[in-house]
Amino acid sequence: MADYLTSFEENGTINIAEDVVAAIVADAVKEVEGVGAMSQNVGESLSGKKAVRGVRVEKIEDAINIDLYLMARYGFDIPVVAQQVQSKVSDAVSGMTGFPVKEVNVHVGGISFNE
């Protein structure tokens, strides 16, 4: 069963599956040069929740927190890549869902030597 992010509107509710938000995140990350690949986070295997690889989405009060687990490409400035990921993901998620993004936490777990 999917978990949903819910917005209560004047005419009813809007429910967006967390998997939809995770797919938006994954697509935005692909647009950032210097990201080698998404990687599995430890919580995915322990929580029993199926999720888009390397993305965890959580609604806290009226905002979304996102944790990303990725590998940086060799030769790129990791802090710069992480900041670009944060910006791109925040803009994409808030723009497509209407939910404000409070945090985008980028966890770099390795280096990818593939192009």
Side-chain angles (χ1 to χ4, degrees):
M1 178 177 229
D3 289 326
Y4 288 88
L5 305 174
T6 302
S7 174
F8 298 96
E9 303 295 326
E10 185 176 311
N11 297 328
T13 60
I14 298 172
N15 299 298
I16 302 172
E18 286 182 3
D19 289 348
V20 171
V21 177
I24 294 167
V25 170
D27 195 51
V29 169
K30 289 178 190 175
E31 295 180 19
V32 178
E33 189 177 18
V35 174
M38 299 298 288
S39 58
Q40 185 174 9
N41 62 336
V42 175
E44 284 178 19
S45 57
L46 297 177
S47 71
K49 281 176 85 173
K50 279 197 137 184
V52 172
R53 182 177 178 89
V55 180
R56 189 177 73 198
V57 176
E58 184 178 25
K59 185 173 181 213
I60 306 287
E61 296 173 12
D62 291 333
I64 298 175
N65 287 349
I66 299 166
D67 282 282
L68 296 169
Y69 299 82
L70 54 83
M71 295 177 64
R73 283 196 15 226
Y74 179 79
F76 285 84
D77 186 332
I78 294 172
V80 170
V81 170
Q83 289 169 350
Q84 290 172 350
V85 166
Q86 287 174 320
S87 177
K88 191 70 123 171
V89 165
S90 181
D91 290 348
V93 171
S94 63
M96 292 183 73
T97 67
F99 286 100
V101 176
K102 182 177 180 185
E103 294 180 358
V104 177
N105 301 305
V106 179
H107 306 271
V108 179
I111 299 292
S112 170
F113 293 93
N114 299 330
E115 300 226 6

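Note that the coordinates shown come from a computational prediction; the quantities given were computed from them, not determined experimentally. Just so you know, residue 1 is the first one in the sequence shown, and it goes up from there.
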Subject >> Smallest separation among heavy atoms of Ser112 and Gly36, with atom names >> reply: CB-CA, 3.8 Å

**OP:** Apply the test side-chain contact (heavy atoms from CB on, under 4.5 Å) to residues Ser7 and Phe99: give CA-CA distance (whole Å), side-chain angles for both, the deciding distance (0.1 Å), then the verdict.
**Re:** CA-CA 8 Å; Ser7 174; Phe99 286 100; 3.8 Å; yes

Which atom pairs, one a donor and one an acceptor, fall under 3.5 Å between side chains of residues 76-88 and the rest of the protein, sequence neighbours left out?
residue, atom, partner, partner atom, Å
Gln86, NE2, Val104, O, 2.9
Lys88, NZ, Glu31, OE1, 3.1

Original post:
Roughly how far apart are Ile24 CD1 and Ile66 CD1, rounded to 0.5 Å?
Top reply: 9.0 Å

Subject >> Point-to-point distance, once rounded to the nearest 0.5 Å, from CD1 of Ile111 to OH of Tyr74 >> reply: 9.0 Å

Original post:
Among the clusters formed by ILVMFWY side chains lying less than 4.5 Å apart, do Met71 and Val55 turn up in the same one?
Top reply: no

Subject >> Over 12 non-hydrogen atoms of neighbours within 6.0 angstrom of NZ in Lys59 >> reply: yes

Subject >> Option passing side-chain contact (heavy atoms from CB on, under 4.5 Å) with Val57 (candidates Asp67, Leu5, Asp3, Asn65) >> reply: Leu5

Original post:
Under 4.5 Å between side-chain heavy atoms, hopping through other hydrophobics if needed: is there a path connecting Phe113 to Val32?
Top reply: yes

Original post:
Once you round to the nearest 0.5 Å, how far does OG1 of Thr97 lie from CD1 of Ile64?
Top reply: 4.5 Å

Original post:
Under the salt bridge (charged side-chain N to carboxylate O under 4.0 Å, His left out) test, which residues partner Glu58, sequence neighbours left out?
Top reply: none

**OP:** Quick one: pull up CZ in Arg73 and CD in Glu33 and give me the separation to the nearest 0.5 Å.
**Re:** 6.0 Å

Subject >> Leu68/Met38 under side-chain contact (heavy atoms from CB on, under 4.5 Å): CA gap, chis, key distance, verdict >> reply: CA-CA 8 Å; Leu68 296 169; Met38 299 298 288; 4.0 Å; yes

**OP:** Tell me yes or no: between the side chains of Glu103 and Asn105, is some donor less than 3.5 Å from an acceptor?
**Re:** yes

Subject >> Nearest non-hydrogen partners of Ala63 and Lys102, listed with the distance >> reply: CB-CB, 3.8 Å

Subject >> Identified side-chain contact (heavy atoms from CB on, under 4.5 Å) partner of Val35 from the options Val106, Val29, Val108 >> reply: Val29

